[in-house]
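Everything on this sheet refers to the single structure shown next.
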Amino acid sequence: MSSISLTRHLIEAQRQGQLTPDLQLLLEVVARACKRISVAVGKGALGGVLGEAGQGDSINVQGEAQKKLDVISNDILLEANAWGGHLAACASEEMEHSQPIPDGFPRGNYLLVFDPLDGSSNIDINASVGTIFSVLRCPDGVTAAGDADFLQPGHTQVAAGYCLYGPSTMLVLTIGHGTHAFTLDREQGSFVLTKADLRIPQETREFAVNMSNQRHWEPPMQAYVDDLLAGKDGPRGKDFNMRWVAAMVGDVHRILTRGGIFIYPWDGKDPGKPGKLRLMYEANPMAMLVEQAGGAATTGRARILDLQPTSLHERVPVFLGSKDEVEAATRYHLQHDGAHA
Ligand code: AFP
């Protein structure tokens, strides 16, 4: 059977009324930008793109040292989306505020928010990294979209996806009709559908968490992980395996491929921060992809896609993956809260 390209997949979805021509254009533009980022990432040391941006003094709005590839990837996405007329504004992990489409270019009805290079601390060790993106509608009547226009709950997303720069480059995408995986055919230069309608197994024996933070977790998180580690002789009655890529895209892709639970909980290392991951361009898009594949995504207490954002870079605790396991972890938190209400 002839291969199905991303373009054909999107055209067929458009014929079924699942997306507008402008959204199709947006997704094709983002995919093309991800191909350019894949080339830059793939050059590694040969491309002069490793290491920190600036003189090592370039700090982003998160207070994190920017890598050269963080900045390069951000610029690639901004430039690619400037002229198409499909977007009203962009927002990014790497920019304090959203950026309207430059004057002189037509503006469209969508908002794009992204983490241009997630897991960038993996860059210098040649481990997997990725781009995460989320598409929202620009509110009716808004001609100059600003930060506040992005603050919509995750269930209003019209599309979400990531591009994983690993041994192969894969684009995983949802427009609300399932989650589908495309692999970059470097000879053709196009993304080809390699797995339609990903489904996450309901149950799992595999969890992903940075265990070095264990002493900083709140009691229900401690209790939940203790029971995982107790294995078949403990209350869970089965042994668990652990994986940690330190790039959310890599962990989520494994979970979409074979199940599991990914956790970045609240920790007391920095009590002012309710977790490490950002709602708008990490938790929300990943939650949509996971739910569209039959999984679940909560903060340990509430469905991520129902949260009302209050700021562009706000952080949330994240529990996502195999539905039964996410529900089990959430029960530990809700029972703890009920007992301590
Ligand atoms: P970086 O982009 O700073 O590498 O952070 C990646 C990330 O936001 C997410 O992709 C990982 O799941 C998580 O942080 C890893 O956090 P730790 O470095 O604390 O394990």
Side-chain angles (χ1 to χ4, degrees), residues 1-44 47 69 73 76-77 80-81 84 86 110 112 114-119 126-135 157-201 245 247-259 285-286 288-295:
M1 183 184 81
S2 66
S3 62
I4 296 178
S5 68
L6 174 65
T7 300
R8 176 177 166 187
H9 176 83
L10 293 176
I11 287 171
E12 289 175 351
Q14 207 188 118
R15 281 202 198 106
Q16 296 172 46
Q18 295 174 359
L19 81 167
T20 65
D22 260 7
L23 182 54
Q24 183 198 336
L25 171 61
L26 196 174
L27 295 174
E28 296 260 25
V29 164
V30 170
R32 204 158 39 246
C34 289
K35 283 191 275 191
R36 287 184 58 198
I37 295 171
S38 175
V39 169
V41 167
K43 284 180 178 170
L69 273 170
S73 303
I76 287 173
L77 281 158
N81 282 286
H86 49 275
Y110 295 106
L112 178 68
F114 49 82
D115 180 353
L117 203 67
D118 168 67
N126 196 25
S128 292
V129 291
T131 297
I132 310 172
F133 60 92
S134 166
V135 183
Q157 292 174 103
V158 293
Y162 61 78
C163 194
L164 173 61
Y165 312 112
S168 66
T169 289
M170 292 190 74
L171 180 74
V172 178
L173 177 65
T174 181
I175 56 173
H177 297 270
T179 295
H180 311 288
F182 302 80
T183 302
L184 179 60
D185 177 338
R186 294 188 187 282
E187 289 161 9
Q188 300 292 332
S190 60
F191 281 105
V192 176
L193 182 67
T194 44
K195 183 63 180 163
D197 209 15
L198 288 162
R199 304 305 294 168
I200 300 176
V245 178
M248 189 184 193
V249 179
D251 282 308
V252 172
H253 190 71
R254 184 189 60 256
I255 286 168
L256 282 167
T257 305
R258 69 184 192 210
M286 292 308 202
M288 183 177 181
L289 288 160
V290 162
E291 285 199 4
Q292 284 290 318

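Bear in mind that the values here come from a model prediction, so they are computed numbers and not experimental data. One is the number of the first residue; the rest follow in order along the sequence.
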Side-chain heavy-atom pair Leu289, Val252 within 4.5 angstrom cut-off: no
Point-to-point distance, once rounded to the nearest 0.5 Å, from CG of Leu171 to CG of Leu164: 10.5 Å
For Gln16, all residues meeting side-chain hydrogen bond (donor to acceptor under 3.5 Å, both in side chains), sequence neighbours excluded: Gln18
Nearest-0.5 Å distance, CD of residue Gln292 to CG of residue Leu173: 10.5 Å
Non-neighbouring partners of Thr169 that pass side-chain contact (heavy atoms from CB on, under 4.5 Å), sequence neighbours left out: Ser38, Cys163, Tyr165, Leu184, Arg186, Phe191
Given Lys195, His180, Met286, His253, the one that forms side-chain contact (heavy atoms from CB on, under 4.5 Å) with Val172: His253
Heavy-atom check, side chain of Gln157 versus side chain of Pro285, under 4.5 Å: yes
Qualifying salt bridge (charged side-chain N to carboxylate O under 4.0 Å, His left out) pairs with a residue from residues 22-42, counting only residues at least two apart or across chains: Arg36-Glu79
Close side-chain approach of Ile175 to Val158, heavy-atom, < 4.5 Å: no
side-chain hydrogen bond (donor to acceptor under 3.5 Å, both in side chains) involving Thr183 - partner list, sequence neighbours excluded: Thr194
Nearest heavy atoms of Thr179 and Ala293, plus distance in Å: OG1-N, 3.8 Å
Close side-chain approach of Ile37 and Leu69, heavy atoms under 4.5 Å: no
Interatomic spacing from CG in Asp118 to OG in Ser128 - rounded to 0.5 Å: 10.5 Å
Listed partners of Glu12 passing salt bridge (charged side-chain N to carboxylate O under 4.0 Å, His left out), at least two apart: Arg8
Asn81 side chain to His86 side chain, donor-acceptor N/O pair below 3.5 angstrom: yes
Check: Leu23 and Val135 side chains under 4.5 Å, non-hydrogen atoms: yes
Nearest atoms (heavy-atom pairs only) where Leu117 meets Ser73: CD1-OG, 3.9 Å
Val192 and Ile4, any side-chain heavy atoms less than 4.5 Å apart: no
Distance, nearest 0.5 Å, that separates OG1 of Thr257 from CD1 of Ile200: 9.0 Å
Non-hydrogen atoms of Asp197 and Gly178 that approach each other most closely: OD1-CA, 3.9 Å
Heavy-atom neighbours of Asn126 CG exceed 12 at 6.0 Å: no
Approximate separation, where rounding is to 0.5 Å, of Leu26 CG and Gln24 CD: 10.5 Å
For Ala181 against Leu193, the heavy-atom pair lying closest together: O-CD1, 3.5 Å
Qualifying residues under salt bridge (charged side-chain N to carboxylate O under 4.0 Å, His left out), relative to Asp115, sequence neighbours excluded: none
Least distance between heavy atoms, Val29 atom then Ala80 atom: CG1-O, 3.2 Å
Side chain proximity check, Val129 to Val249, heavy atoms < 4.5 angstrom: no
Chi angles and distances behind the side chain to side chain contact (heavy atoms under 4.5 Å, CB included) call for Tyr110, Leu27: CA-CA 11 Å; Tyr110 295 106; Leu27 295 174; over 6 Å; no
Distance-only side-chain donor-acceptor flag, Ser134 / Tyr162, under 3.5 Å: no
Separation of Asp185 CG from Ser3 OG (nearest 0.5 Å): 7.5 Å
